[in-house]
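The analysis underlying the following values was restricted to heavy atoms, covering all of them including side chains, and did not include hydrogens, waters or symmetry mates. Keep in mind it's a predicted model, so treat the numbers as computed, not measured.
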Amino acid sequence: MEPRITLYSRPGCHLCDDARTVIERVCADLGTSYDEVSIDGDDELTERFGEEIPVTFVDGRQHDFWRVSEERLRAALAG
């Protein structure tokens, strides 16, 4: 099964840690998966997301940045 959620993050980012916790909880509850991509070392991703991490995508579309709302994430996955 291909992950429905992609989390763009960077090591040492406390907001990324918070986002990961929410995403992992939602994925466990709904039986879905996620993929995490570090923007460090990727100039294109750093330029695109550097000031907005963490950034989440659901089904290939940008969903949230900075903070992940568990309610919004659940609604996006249900819709």
Atom [atom1] in [X], atom [atom2] in [Y]: separation rounded to 0.5 Å?
X     : Y     : atom1 : atom2 : value
Leu7  : Cys27 : CG    : SG    : 10.0 Å
Thr46 : Glu51 : OG1   : CD    : 10.0 Å
Tyr8  : Gln62 : OH    : CD    : 9.5 Å

Between [X] (side chain only) and [Y] (backbone N and O only), is there a donor and an acceptor less than 3.5 Å apart?
X     : Y     : value
Arg4  : Leu77 : yes
Trp66 : Val55 : no
Thr56 : Asp64 : yes

Cluster overlap Val68 with Val58, hydrophobic side-chain contacts below 4.5 Å: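 Result: yes, single cluster for both.
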Close side-chain approach of Leu73 to Ile5, heavy-atom, < 4.5 Å: yes
Student check: side-chain heavy atoms of Leu45 and Val37 closer than 4.5 Å: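 In contact.
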State, to 0.1 Å, how close [X] and [Y] come at their nearest heavy-atom pair, and which atoms those are.
X     : Y     : result
Ile53 : Cys13 : CD1-SG, 4.1 Å
Phe57 : Arg48 : CZ-NH2, 3.6 Å
Gly50 : Ile39 : CA-CD1, 3.9 Å

With sequence neighbours excluded, residues passing salt bridge (charged side-chain N to carboxylate O under 4.0 Å, His left out) with Asp29: Arg74
Qualifying side-chain hydrogen bond (donor to acceptor under 3.5 Å, both in side chains) pairs with a residue from residues 18-27, counting only residues at least two apart or across chains: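 Every pair satisfying side-chain hydrogen bond (donor to acceptor under 3.5 Å, both in side chains) with a residue in residues 18-27: Asp17-Arg20, Arg20-Glu36, Glu24-Tyr34, Arg25-Glu70.
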Test side-chain contact (heavy atoms from CB on, under 4.5 Å) applied to Asp40 - qualifying residues, sequence neighbours left out: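 Asp40 satisfies side-chain contact (heavy atoms from CB on, under 4.5 Å) with Arg10, Pro11, Ser38 only.
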Evaluation steps, side chain to side chain contact (heavy atoms under 4.5 Å, CB included), between Arg67 and Arg72: CA-CA 11 Å; Arg67 302 232 184 249; Arg72 280 181 29 94; over 6 Å; no
